[in-house]
Amino acid sequence: MASSTLPSSLFLQLDFPSTRFSSATSSNKLSLSSNSNSNSNRSSSFHVLPIRASVSERPTTPPVSTSQTLQPGPNEPTGGTNNLPMRKIPGDLGIPIIGALKDRQDYFYNQGKDEFFKSRIQKYQSTVFRANMPPGPFIANSPNVVALLDAKSFPTLFDVSKVEKRDVFTGTYMPSTELTGGYRVLSYLDPSEAKHGLLKRLMFFLLKSRREYVIPEFRSSYTEFFESLESELSEKGKADFALANDQAAFNFLARSLFDSNPRDTELGTDGPGIVQKWVLFQLSPILRLGLPQFIEDSVFHSVRLPPKLIMKQYQRLYDFFYQSSGFVLDEGERLGISREEACHNLVFATCFNSFGGMKLFFPNVMKWIGRAGVNLHARLAAEIRAAVKEAGGEVTMAAMEKMELMKSVVYEAFRIDPPVPLQYGKAKRDLIIESHEHAFQVKAGEMLFGYQPFATKDPKIFDRADEFVGDRFMGEEGEKLLKYVIWSNGPETENPTVSNKQCAGKDFVMLFSRLLVVELFLRYDSFEIQVGTSPLGSKITLTSLKRASF
């Protein structure tokens, strides 16, 4: 999502229609728990993953401020303005190939991501250091990076005057363009490339054109979602969040953005499964899949999966979007983008960026709110229902803007568990980058890397940085902290434009994330969960849903 290709910073300022609220007040008190019983013609071809809910185990680290990187002279960079002592970037890359393979083992198996970075911060006494990032041999040409793991240095990765974003969306390697119809899609383009601005404008156009459908289609899709969970919970005593969420998310995106119900097409209910396989072909080199170590490392982390194995299924996705998006393809042609290229970008934007974001982030929201307990649940339910009642029983943008606790909870979830944790950029020139303690010289062409969960949990910025604090962003002082919420490849206080790499769908993602919390507490007073892990984040199992009682 950091480079998500769906619409714009103007999104929350647009006038959305409202929908009537009725579900939460329709019954007195029904408790579901673990022991309850209760468009255009064309040719569509193209060439070319349990722990009981409890406290978090998250490592500590720093937040966001602008890193000092001044224009260098002809032969050397200039220093920052804070007069911090210069330090040579620490870090041992090891023997070529062997060092990278060792770091890959540590990253995936011996330590895990968080401990991998935390141990090196302790070893080097620095939040800026050299390391090898997966996948390394034999997929990436060079695994060497300069890691930026504090909030002062991390924002260098947002500044496209200092870093190049060409082909670094997935890091030190790039998936085959065969997986996207032979095109380098928007997420892999640098703003200096002419096609970047055109494609980002196209994504802005899409959401602006469909803005009035977002709230009603979300409510419709997620009513089906919650009814499915209730049925499973009543029958089995527990309900898997992921499966129902995947289908609801895909349906919502198709209905709201393209006015197409997948079930009424040849795609049927197969969309989410196809997307997950297609994403696996792109991200398997950097995922921990839970397979036996030898198989996983020698197959998925060392070689690329052949794109031909997934192309027939990808063609089904492509056909669905081509048949559903004629009005967007028309706009693409007006901008000078072929219908084929525009459609592949729509598939990526909707399926990889947006669907992927909902698949990753919605379980995180449930995890953190579920762990926070009934007191927070009661406060959220009271606030949300009061605002909706005041709006005449309708869920509106204006009503949601009055839900200060709800908004803070969503911001906090993005802060503590950002859906796209890894960021990359290649230095365009010699730079001086500052951490809180030192200044470091980076040479032109070096790959810079940031692990966002460390940058957004800086104890120098946030009290109780490792804790989920639901009301953290409330009030005047809380609002000042929003510039340190950077999940969108930029500060929450800034906006995506055609000339930057901030998530084009920043406000769209924020809106549907808020809608999840609103829908949840219109229907239920509280809920209980079990939390496990999956290759793409948290695995949520619902064990109890307490129906709204007021």
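As a basis for the values below, the full set of heavy atoms in this structure was taken, side chains included, without hydrogen atoms, waters or symmetry mates. What you see is a predicted model, and the numbers here were worked out from it, not measured in a lab.
At a threshold of 4.0 Å, the pair K308-E178 does not count as salt-bridged, since none of the basic side-chain nitrogens sits closer than that to a carboxylate oxygen. Ionic pairing of E434 and K152 is present here: one or more N-O contacts between side-chain nitrogen and carboxylate oxygen are shorter than 4.0 angstrom. In this structure, R288 pairs ionically with E296, as a charged nitrogen and a carboxylate oxygen lie closer than 4.0 Å. Using a 4.0 Å cut-off between charged side-chain N and carboxylate O, R87 and E437 make no salt bridge. A salt bridge between D417 and K367 is present, with a side-chain N of the basic residue lying under 4.0 Å from a carboxylate O of the acidic one.
Partners of A427 under the side chain to side chain contact (heavy atoms under 4.5 Å, CB included) rule, at least two apart in sequence or in another chain, are L431, V442. Residues forming a side chain to side chain donor-acceptor pair (under 3.5 Å) with N110 (at least two apart in sequence, or on another chain): D106. Taking R201 as the reference, L198, L335, V498 meet the side chain to side chain contact (heavy atoms under 4.5 Å, CB included) condition, with sequence neighbours excluded.
When the shell of 6.0 Å around CD1 of I95 is examined, it contains 12 or fewer heavy atoms from other residues, nucleotides or ligands. No more than 12 heavy atoms of other residues, nucleotides or ligands lie within 6.0 Å of NZ in K426, so this atom counts as exposed by the packing criterion. The neighbour count for L243 CG, taken as heavy atoms of other residues, nucleotides or ligands under 6.0 Å away, does not exceed 12.
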Are K480 and E477 close enough, and set up right, to give a salt bridge (charged side-chain N to carboxylate O under 4.0 Å, His left out), and what steps lead you there?
CA-CA 5 Å; K480 292 179 182 178; E477 291 304 308; 3.1 Å; yes
Could you give me the CA-CA distance, side-chain angles and deciding distance for K443 and E446, then say whether salt bridge (charged side-chain N to carboxylate O under 4.0 Å, His left out) is met?
CA-CA 6 Å; K443 293 294 186 180; E446 291 197 87; over 6 Å; no
Show the numbers, then the answer: is there a salt bridge (charged side-chain N to carboxylate O under 4.0 Å, His left out) between E341 and K195?
CA-CA 11 Å; E341 182 172 10; K195 195 62 69 70; 2.9 Å; yes
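Side-chain contact annotation: E494 with N500, donor-acceptor N/O pair under 3.5 Å absent. Side chain to side chain, Q530 and K539 fail the donor-acceptor criterion of an N or O pair below 3.5 Å.
In terms of modelled atom types and a separation under 3.5 Å, the side chain of E193 and the main chain of D190 share a donor-acceptor contact. At distances below 3.5 Å, not a single donor-acceptor pair connects side-chain atoms of Y424 with backbone N or O atoms of L157.
Closest approach of P175 and T170 over heavy atoms only: CD-OG1, 3.2 Å. For the residue pair Q423 and V420, the shortest heavy atom distance occurs at NE2-O, 4.0 Å.
With W278 as the fixed residue, the ring pair (Phe, Tyr, Trp, His ring centres under 6.0 Å) test singles out one of Y318, F355, Y314: Y314. When K407, M366, M406 are each tested for a side-chain contact (heavy atoms from CB on, under 4.5 Å) with V517, only one passes: M406.
Stacking of R120 on the aromatic ring of F116 is recorded, both the 6.0 Å distance cut-off and the 45° axial limit being met. Both tests do not hold together for R472 against Y411: distance to the six-membered ring centre under 6.0 Å, angle to the ring axis within 45°.
R371 CZ to I529 CD1: the interatomic distance, rounded to the nearest 0.5 Å, is 7.0 Å.
Aromatic ring centres of F449 and F117 lie closer together than 6.0 Å. Between F129 and F440, the distance from one ring center to the other does not fall under 6.0 angstrom.
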